[in-house]
Asks: 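To start, I am sharing the structure in question, which I have written as structure tokens.
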Amino acid sequence: QVRLVESGGGLVQPGGSPRLSCVASGIRFTLYTMGWYRQAPGKQRELVATITSGSSTNYADSVKGRFTISRDNAKNTVYLQMNSLKPEDTAVYYCNARRYIDYWGQGTQVTVSS
């Protein structure tokens, strides 16, 4: 059974720097491209960042230079370090594992507000 469990969300002040974590189980983690997506109220789910099995990264233009995705294969964990948060970053953030098929976590809410 595949499980992706996100953590690290919550209420954050503008300019804050939280880190999201996603622990994967039930997959050969090293073979998967891992990613973070987000969905704001009334909007479609969108790509935030991905990291391949070879650690190549890709970012949405809206987060380039502010967010960093990384992975720890020994811990089956992918991280999203978010810096300089803005209110428009408010969304539910979802962890994704992709290799021929997509697996999704349940999501973690990030609310950026003073």
Side-chain angles (χ1 to χ4, degrees):
Q1 181 182 359
V2 178
R3 291 191 70 202
L4 302 177
V5 180
E6 302 101 333
S7 62
L11 178 63
V12 184
Q13 290 194 339
S17 300
R19 186 178 76 163
L20 304 183
S21 301
C22 170
V23 180
S25 59
I27 59 172
R28 287 185 66 185
F29 183 78
T30 56
L31 298 181
Y32 280 72
T33 290
M34 301 299 297
W36 289 96
Y37 291 72
R38 67 186 181 186
Q39 188 167 17
K43 295 188 177 181
Q44 290 188 331
R45 191 173 297 189
E46 63 177 6
L47 167 74
V48 176
T50 60
I51 184 167
T52 68
S53 57
S55 294
S56 295
T57 58
N58 180 53
Y59 295 92
D61 287 343
S62 59
V63 306
K64 278 182 182 176
R66 299 189 299 125
F67 291 10
T68 301
I69 190 171
S70 61
R71 64 192 297 160
D72 184 337
N73 290 335
K75 296 182 178 180
N76 284 10
T77 301
V78 61
Y79 303 99
L80 185 69
Q81 177 66 49
M82 303 189 290
N83 297 325
S84 304
L85 279 180
K86 306 174 183 179
E88 51 263 45
D89 294 315
T90 294
V92 178
Y93 284 72
Y94 295 92
C95 180
N96 171 266
R98 176 172 296 164
R99 184 175 186 252
Y100 309 126
I101 189 172
D102 281 318
Y103 296 105
W104 294 94
Q106 295 285 0
T108 184
Q109 176 72 46
V110 175
T111 301
V112 185
S113 175
S114 55

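Worth saying up front: this structure is predicted, and the values here are computed from it rather than measured. Starting from 1, each residue takes its place in the sequence as its number.
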Asks: What's the verdict on side-chain contact (heavy atoms from CB on, under 4.5 Å) for Leu11 and Ser113, showing C-alpha distance, side-chain angles and the deciding distance?
Replies: CA-CA 7 Å; Leu11 178 63; Ser113 175; 4.1 Å; yes
Asks: Is a side-chain donor or acceptor of Gln81 paired with a backbone partner of Arg19 at a separation under 3.5 angstrom?
Replies: no
Asks: Are Tyr94 and Met34 joined in one hydrophobic group, where the rule is that I, L, V, M, F, W and Y side chains link up if heavy atoms are under 4.5 Å apart?
Replies: no
Asks: Honestly curious: do Phe29 and Val2 fall in one hydrophobic cluster under the side-chain, below-4.5 Å linking rule?
Replies: yes
Asks: What's the separation between atom OG1 in Thr33 and atom CD1 in Ile51, rounded to the nearest 0.5 Å?
Replies: 9.0 Å
Asks: Is any side-chain heavy atom of Phe67 less than 4.5 Å from a side-chain heavy atom of Leu85?
Replies: yes
Asks: Would one find more than 12 heavy atoms of other residues, nucleotides or ligands at under 6.0 Å from atom CD of Glu88?
Replies: yes
Asks: Linking I/L/V/M/F/W/Y whenever their side-chain heavy atoms sit closer than 4.5 Å, directly or via other members, would Val12 and Val48 fall into one cluster?
Replies: yes
Asks: Can you check whether Trp36 reaches Met82 side chain to side chain, under 4.5 Å on heavy atoms?
Replies: no
Asks: Compare all side-chain heavy atoms of Ser62 with those of Arg38 and state whether any distance is below 4.5 angstrom.
Replies: yes
Asks: So, for Cys22 and Leu4, which heavy atoms are closest and what is the spacing to 0.1 Å?
Replies: SG-CB, 3.9 Å
Asks: Do you know the tightest heavy-atom contact between Asp89 and Arg66?
Replies: OD2-NH1, 2.8 Å
Asks: How about Gln106: does its CD atom have over 12 heavy atoms from other parts shown lying under 6.0 Å from it?
Replies: no
Asks: Using a 3.5 Å distance criterion without hydrogens, assess whether the side chain of Gln109 forms a donor-acceptor pair with backbone atoms of Gly9.
Replies: no
Asks: Please determine whether salt bridge (Lys or Arg N to Asp or Glu O under 4.0 Å) holds for the pair Lys64 and Asp61, giving the CA-CA distance in whole Å, both sets of side-chain angles, and the decisive distance to 0.1 Å.
Replies: CA-CA 5 Å; Lys64 278 182 182 176; Asp61 287 343; 3.2 Å; yes
Asks: To check you understand the geometry: which heavy-atom pair defines the closest contact between Tyr32 and Arg71, and what is its length?
Replies: O-NH1, 2.9 Å
Asks: Is there a continuous path of hydrophobic side-chain contacts, each under 4.5 Å between heavy atoms, that joins Tyr79 to Ile27?
Replies: no
Asks: For Tyr93 and Leu20, work out which heavy atoms get closest and say how close.
Replies: CB-CD1, 3.6 Å
Asks: So do Leu31 and Ser53 actually touch side chain to side chain, heavy atoms under 4.5 Å?
Replies: no
Asks: Please round to the nearest 0.5 Å and tell me the distance separating atom CZ of Arg28 and atom CG of Asn73.
Replies: 11.5 Å
Asks: Testing the basics here: between Thr50 and Tyr37, what is the closest heavy-atom pair and its distance to 0.1 Å?
Replies: CG2-OH, 4.3 Å
Asks: How many angstroms lie between atom CD1 of Ile69 and atom OG of Ser56, to the nearest 0.5 angstrom?
Replies: 11.5 Å
Asks: Are the side chains of Ser7 and Thr108 in touch, meaning some heavy atoms are under 4.5 Å apart?
Replies: no
Asks: Which distance, rounded to the nearest 0.5 Å, do you find between the CG of Asn83 and the OG1 of Thr68?
Replies: 6.5 Å
Asks: Could you see if Tyr59 belongs to whatever hydrophobic cluster contains Val78? Use Ile, Leu, Val, Met, Phe, Trp, Tyr and a side-chain cutoff under 4.5 Å.
Replies: yes
Asks: Where is the tightest heavy-atom contact between Ser21 and Thr77, given as atom of each residue plus distance?
Replies: CB-CG2, 4.4 Å
